[in-house]
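A short write-up of the structure that comes next.
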Amino acid sequence: MTPWLTILLTLPAAGLLLTMLLPAGSNQLLKRVSLGTTLLQLLVGFGLLLPAYLQKLPDNQGFALHEKWQWIRLDMGTAGFLNIEYHLGLDGMGILMVLLTCMVMPLVVLSSWNNQHRNKLYFVLLQLLNLSILGCFMSLDFFLFYLFFEFMLLPMFFLIGLWGGEKREYAAIKFFLYTLFGSVFMLLVMAGLGFSFIDPDLTASLGRTVHTLDFLHMSGLADGTYPNLVAGSVFSHGYSLFGLDARALAFWVLLIGFAIKLPSVPFHTWLPDAHVQASTPISVILAALLLKVGGYGILRIAFGIFPEAALSSATWVAGLGMISILYGALVAMSQRDLKSLIAYSSVSHMGFVLLGLASFQAVGISGAVLQMFNHGVISSALFLLAGVLSDRTHDRTLSNYRGLWMKMPVYSAFVLVAFFASMGLPGLNGFVSEMMVFMGAFGSTEGYVSVFAAISVIGIVLAAVYYLRTFRQMFMGEFSYLGTGDSGSLQDLDGREKTLLVPLAVLMVLLGIFPSLATSLFDQSLSEYVSNLIQVAKP
Amino acid sequence: MTSGMQALLLSMGIYVLGFVIQILFGRLLGAWKSTLAITLSVASGSLLCVAWLGLETEGFLRWEWLQWGGNSLDLGLRLDAMAMRMSALVGFVTILVHLYSSAYLHHERNMAKYWGFLSLFAFAMLLVVAAADLMLTFIGWELMGLSSYFLIGFYNVKEDAATGSQKAFIINRMGDLGFMLAMMALFAGSGSLWLDPSSFEDLTGSTQSLLGFGLMLAAFGKSAQFPLQTWLPAAMAGPTPVSSLIHAATMVAAGVYLLVRYAAFMLPIHLDVLTVVGAMTALAAAISAWGQQDIKRVLAYSTISQLGLMLVGVGTGSGDFAMFHLFTHAIFKCGLFLSAGAVIHALHDAYHSKGLHLDAQDMRHMGGLWKSMPIVTVCFCIFSAALAGVPLFSGFLSKDGILWSSCHWAQTQGGWRWLIPVSGIAGIAITALYLGRMGALVFFGNNRSSSNHQPENGLVVPRTTWRMLVPLVVLAGMSLWVFWSPLNPFHAPENLISGHVSTPVWFPVAIGSLGILGLVVGYLLHRNGWTGSWGKAGLQGWIQSHFHWDEFLEQIGTKAVLPLGRILAWWDARIVDGLVNLIGDVVVSNNRRNTLASMGDWMDRNLIDRTVSGVADGAAGLGNKLRNLQGGKIQRYLGIALGLFLVLMLLLVYLVMTS
């Protein structure tokens with residue numbers, strides 16, 4: 001069996017090493033090497049990994065691709081061993097995210113083509129980030145996941161802090177502290193989990209208790225019991241910490257950790273700063289890939305390990321989703337900077353992910369996963385489009401532009417496609433996932449989830465309001481430019497920019513008309529996962 | 001697949017092809033754009049008409065659209081007699097509008113965009129007409145909103161076109177909120193978006209109720225009914241041929257069509273609300289039409305009023321007559337818009353050549369145009385007669401049906417319901433009045449464009465081209481009763497109306513006389529160029545502004561929603577983020593005396609520089625560059641962050657060891 005997942009992971013690692021070996025001054029070479037390796041990653045992802053994945057679908061374990069090697073076995077004395085494995089797997093939950101990463105990275109490199117200084121460091125960090133993001137979406141061992149999760153922070157911190165705008169240091173440190181805050185608590189939960197679950201096969205063969213951090217060993221059975229849970233451990237049922245149910249507490253700690261990444265209101269204020277200060281390619285990675293780790297983590301880890309706590313908190317999760325949708329949209333309405341408008345619209349659109357997950361219905365959770373992919377495509381395009389203006393005038397203030405449609409018709413057409421996709425117009429991809437989320441959440445019988453779903457629908461009107469107001473402000477009317485930049489530089493898209501935007505626009509239309517191209521990749525394995533989740537939560 | 005279905009799919013394909021070619025390759029086509037657009041629309045439209053006349057009108061198609069674990073969401077098309085008839089109407093009107101547009105907009109730029117979205121508009125309407133499930137209906141429904149956004153905003157350089165298109169889309173989205181709620185309710189209740197009588201009966205009462213209200217709200221948005229009617233007058237900023245298409249066979253017709261389609265799934269309470277809203281909107285809009293000075297706005301309010309009447313038809317249980325009125329109205333309203341367009345087009349050129357800076361749509365400067373545009377005048381009179389409900393014209397047949405069945409409905413149910421036919425009859429009288437006024441102001445009397453000193457014949461009105469006249473004459477022919485009911489001028493034809501109500505002879509006579517009387521009175525009141533409709537200025541203002549409803553809605557938007565956004569943005573920046581910054585300041589302050597920060601500095605010097613960053617930076621060989629660049633600042637931040645991390649790790653180990 002070819003280890004496709006490891007092969008895919010070694011590509012960015014190889015790119016990283018190759019970049020480090022190149023001389024620092026060779027700017028063109030550095031860019032070409034990075035583009036080459038990310039394109040190779042795209043080819044391997046779609047040309048080899050995806051066929052292998054499809055061939056193995058469905059697999060009896062739910063993971064079409066699966067790789068596992070012994071890594072660290074820690075002797076903890078009387079407590080037995082802690083077994084940490086290099087365990088990768090790809091199922092319906094991860095496939096779209098991995099493909100999205102493979103797709104977005106070449107675009108990111110290509111959009112970095114005009115990067116002026118310190119190219120070597122830049123591309124090294126980019127490859128490191130690429131590697132950690134891919135690792136997050138494929139790890140099945142909590143330790144491995146956590147390692148990749150933490151490894152995303154440093155490159156991102158420097159990429160914002162060294163190549164960003166005026167207040168880049170503030171934005172970078174804010175991003176770092178926020179995310180660290182979440183992940184530190186996640187670490188606590190991981191430590192507790194390390195003492196709570198055992199690996200049954202290894203325990204039997206070694207004759208001593210072998211603790212594990214493998215997600216697969218942490219899942220429950222249909223009767224609501226957890227076969228590998230150590231009785232009396234921190235996360236066994238009925239154990240309480242600080243007077244609270246330990247499992248519910250752990251669920252919320254994980255949820256908040258990932259909700260910061262997502263981000264959900266009220267943990268979102270790092271996002272607008274990070275986006276406004278980051279350069280275009282970094283914004284694209286941030287919006288398209290990094291945020292998705294949050295949604296993925298909630299579903300795989302917070303929901304996967306503590307399903308009954310998740311189910312009983314469904315109303316609250318849906319409430320967070322609703323607030324994110326409406327609050328993000330309302331705040332987006334009064335933004336003056338194009339990038340911060342898109343950032344708040346991201347907050348609003350990631351709220352759909354929370355709402356869909358809280359539905360505890362196959363359709364709603366499928367919608368949430370699809371929404372993550374769709375948002376990745378749409379927000380990449382939106383930030384690339386905002387970058388087009390930044391490149392020309394270094395000015396993204398909405399009110400400085402009038403009548404861009406006359407001056408830059410092709411650019412306006414792409415903006416329109418992305419705006420309409422983002423506001424959920426049928427025929428474009430955003431609609432499908434939003435509608436699935438709404439249908440799933442409205443069908444939920446838990447608490448007030450259905451009420452929150454009905455209220456959240458207002459979000460689609462608000463999205464139309466802020467996008468169309470922006471479009472009228474900047475693109476309609478007679479052309480004029482009121483800012484301090486050079487209005488003569490406002491030329492229509494060049495070849496490189498079109499190359500970046502065309503695939504994204506095509507994908508928006510294609511997945512809007514044929515959504516099953518995407519859903520068929522995850523449908524079966526995800527709904528198995530969801531039905532298992534529901535059975536464990538409601539035995 | 002039946003031959004009718006094949007024809008439908010083929011013509012849909014042609015419209016999509018037209019859209020794709022014009023949008024992607026429009027620049028390459030040059031002057032061939034119009035030729036191509038007209039050719040494709042003729043091909044597609046005649047295909048639909050042939051299918052209606054000669055092919056099997058039944059057909060069904062269903063395919064899987066998306067799936068999740070054993071479940072799937074299917075889309076489907078269903079062709080029946082009503083859908084086929086409606087499709088033929090859409091195809092037919094689209095041909096005429098294409099032909100007319102090629103003359104009306106011959107000097108415009110960006111025509112590829114115009115032709116493309118005109119095609120998409122027709123395609124979207126066909127989807128709504130033939131969709132068998134709610135999801136596909138909604139897709140067509142929204143694509144229509146999209147097309148209208150581009151077409152209304154065609155002159156996007158102009159301010160009113162920019163606001164008008166935006167308003168149309170956003171208000172339609174409010175209606176869509178209802179549509180989405182209806183879909184959510186149906187899906188939650190039955191697990192599918194296919195509505196049929198058996199699945200409807202299984203739904204709970206509240207789901208049925210939500211479903212009905214949702215669809216109703218959706219229809220109020222598309223068909224411009226209270227409280228969402230204000231987008232239609234604003235949409236007049238689009239080119240006139242677009243207005244004629246929106247008002248005839250597409251867009252506004254979709255709302256009524258949806259209600260007729262799903263009337264069987266409405267509860268009595270829904271039907272009552274539908275009737276009341278329809279009657280109220282019909283009367284209010286008719287009064288407002290009387291007070292307009294802009295020729296297109298008269299017609300916009302007139303459409304709102306007629307759509308209200310159709311809603312009354314649906315609500316009182318005569319969906320057949322509502323559909324019949326939709327058809328006759330489509331023809332004569334399209335004609336009225338095209339006549340108005342001919343007038344505007346001619347006057348625009350005439351004013352321009354005279355150097356007059358007048359609004360070519362303002363009826364206060366018009367008058368006496370029958371001399372220079374006789375054919376248009378005759379056509380206009382035919383359309384007006386049809387709209388006013390004069391016997392021997394098409395509108396008479398359909399209005400008569402709706403009103404009589406509303407009387408019948410009031411009689412069986414009694415009480416307040418008698419107000420509905422009464423307001424309907426009042427609406428007929430006012431409709432005739434504003435049409436009489438319009439004719440008097442535009443076509444008859446003396447021309448008022450020049451100042452009093454200049455002779456009235458100073459204005460040279462250019463001839464109307466054949467491409468504009470042909471659609472007008474064809475539509476005028478179709479507005480006569482013979483086209484709809486060859487035998488009996490007093491009854492609607494059996495092939496259009498299934499179980500028709502037989503009216504006593506006095507009723508159609510009374511309705512017809514009222515229409516004629518209204519036209520005459522309206523003409524006499526305004527024939528001397530008196531443009532105001534009421535004496536008092538305040539009342540005039542209320543009527544002309546449609547009772548300030550539009551302003552009221554805008555006030556809600558600008559005084560409530562936008563400020564709420566600004567307040568939340570302030571809250572977000574100051575309170576939420578302020579709190580974060582406060583915490584950040586405590587931790588990362590430049591003040592060395594601050595304990596946490598100095599602790600961080602200590603860790604920076606002793607832990608990070610020597611160990612962690614030493615190893616990491618050494619490996620990558622980046623340390624010096626970073627340090628030089630940021631003067632150690634980033635290092636300190638990183639140090640603090642990692643220090644925090646280590647402290648918590650220690651805490652964790654401690655917790656684990658003690659437990």
Side-chain angles (χ1 to χ4, degrees), chain A residues 20 118 121 124 157 161-162 169 172-174 176-177 180 184 187-188 191 195 234 266 269 327 330-331 333-335 362-363 366 403 405-406 420 425-427 432 435 438-439 442-443 450 453-454 457-458 460-461 464-465 468-469 472 476-478 515-516 519-520 523-524 526-528 530-531, chain B residues 64-71 135 138-139 141-143 146 149 153 156-157 159 161-163 166 169-170 173-174 176-177 180-181 183-185 187-188 561-562 564-566 568-569 572 576-577 580 584 587-588 620 622 625-626 629-630 633-634 637-638 641 644-645 648-649 652 655-656 659:
Chain A
M20 283 166 92
R118 289 191 308 288
L121 177 60
V124 164
F157 173 72
L162 293 182
E169 289 176 34
I173 188 74
K174 197 167 172 182
F176 197 95
L177 288 180
L180 196 67
V184 159
L187 190 66
L188 291 170
F195 288 90
V234 178
T269 61
Y327 183 93
L330 282 167
V331 177
M333 230 180 255
S334 51
Q335 294 305 308
V363 54
S366 302
W405 203 339
M406 298 181 75
F420 278 112
L425 188 91
V432 183
M435 200 62 221
F438 281 136
M439 294 194 305
F442 194 75
S450 56
V457 182
I458 297 170
I460 64 146
V461 179
V465 173
L468 290 188
R469 272 168 53 91
R472 192 191 65 168
M476 290 185 162
E478 295 280 358
S516 59
T519 55
S520 62
D523 146 46
Q524 214 151 6
L526 188 67
S527 47
E528 250 171 55
V530 173
S531 68
Chain B
E64 199 177 85
W65 192 49
L66 60 87
Q67 61 283 116
W68 57 90
N71 289 313
M135 182 59 93
F138 188 63
I139 293 174
W141 190 263
E142 286 283 277
L143 286 181
L146 177 77
Y149 176 73
N156 68 71
V157 177
E159 201 53 48
T163 31
Q166 180 185 326
F169 194 88
I170 289 174
R173 269 253 125 161
M174 292 179 188
D176 297 343
L177 212 136
M180 290 182 87
L181 279 174
M183 284 201 284
M184 285 153 70
F187 187 83
V561 180
L562 293 182
L564 179 64
R566 279 195 285 274
L568 286 180
D572 201 65
V576 183
D577 211 26
V580 172
V587 182
V588 197
L622 303 166
K625 288 173 192 164
L626 272 177
L629 184 83
Q630 291 301 325
K633 253 188 182 171
I634 289 226
Y637 292 147
L638 187 61
L644 195 70
F645 182 69
L648 277 152
M649 287 274 270
L652 177 78
L655 274 176
V656 167
S659 71

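Owing to the predicted nature of the structure, the values given are computational and were not obtained by experimental measurement. The sequence lines fix the lettering, A, B, ..., with proteins before strands; numbering per chain opens at 1.
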Item to check | Best-contacting candidate, A/Ser366, A/Ser531, A/Pro515, against chain B by heavy atom pairs under 4.5 angstrom | outcome: A/Pro515
Checklist entry - Between B/Ile139 and chain A, which part of the residue has a heavy atom less than 4.5 Å away: side chain, backbone, both or neither? => result both
Next on the checklist: On a heavy-atom basis, which atom in B/Met180 and which in A/Ile460 lie closest, and how many Å separate them?
Outcome noted: SD-CD1, 3.1 Å
Item to check | Reported CZ-to-CD distance for the pair A/Phe420 and B/Glu142, which is rounded to 0.5 angstrom | outcome: 10.0 Å
Checklist entry - In terms of heavy-atom pairs under 4.5 Å, which option from A/Gly403, A/Ser516, A/Ala454 contacts chain B the most? => result A/Ser516
Next on the checklist: Can you give me the closest heavy-atom contact between A/Gly443 and B/Ala188, atom names plus distance?
Outcome noted: CA-CB, 3.6 Å
Checklist entry - Which one of B/Leu181, B/Leu143, B/Leu562, B/Asp176 has the most heavy-atom pairs closer than 4.5 Å to chain A? => result B/Leu562
Checklist entry - Using a cut-off of under 4.5 Å for heavy-atom pairs, which of B/Met183, B/Met135, B/Gln166 has the most such pairs with chain A? => result B/Gln166
Item to check | CG on B/Asn71 to CG on A/Asp523, rounded to 0.5 Å | outcome: 9.0 Å
Item to check | B/Ile170 versus A/Leu468, closest heavy-atom pair with distance | outcome: CG1-CD1, 4.0 Å
Checklist outcome for this item: Nearest heavy-atom approach of A/Arg472 to B/Thr163 is NH1-CG2, 2.6 Å
Item to check | Distance-minimising heavy-atom pair for B/Val157 and A/Met406 | outcome: CG2-SD, 3.8 Å
Item to check | B/Glu159, part contacting chain A, at a heavy-atom distance under 4.5 Å | outcome: side chain
Checklist entry - Side chain, backbone, both or neither: which part of B/Ala185 has a non-hydrogen atom closer than 4.5 Å to chain A? => result both
Checklist outcome for this item: In terms of heavy-atom pairs under 4.5 Å with chain A, the winner among B/Leu66, B/Asp572, B/Val576 is B/Asp572
Item to check | Side chain, backbone, both or neither of A/Met439 within contact of chain B (heavy atoms, under 4.5 Å) | outcome: both
Next on the checklist: Does any part of the side chain of A/Leu425, heavy atoms only, come nearer than 4.5 Å to the side chain of B/Tyr149, both counted from C-beta?
Outcome noted: no
Checklist entry - Roughly how far, to the nearest 0.5 Å, is CZ of B/Phe187 from CE of A/Met435? => result 9.0 Å
Checklist entry - Donor-acceptor pair, A/Ser334 side chain versus B/Gly565 backbone, under 3.5 Å? => result yes
Next on the checklist: Is any side-chain heavy atom of B/Met184 closer than 4.5 Å to one of A/Val457?
Outcome noted: yes
Item to check | Stepwise side-chain hydrogen bond (donor to acceptor under 3.5 Å, both in side chains) test for A/Thr519 and B/Gln67 | outcome: CA-CA 7 Å; A/Thr519 55; B/Gln67 61 283 116; 3.0 Å; yes
Next on the checklist: Would you compute the distance between atom CZ of B/Arg566 and atom CG of A/Leu330 and round it to the nearest 0.5 angstrom?
Outcome noted: 12.0 Å
Next on the checklist: Determine whether A/Met333 and B/Leu564 satisfy the following criterion, side chain to side chain contact (heavy atoms under 4.5 Å, CB included), listing intermediate values before the conclusion.
Outcome noted: CA-CA 10 Å; A/Met333 230 180 255; B/Leu564 179 64; over 6 Å; no
Item to check | Engaged part of B/Leu568 at the chain A interface, taking heavy atoms whose separation is under 4.5 Å | outcome: both
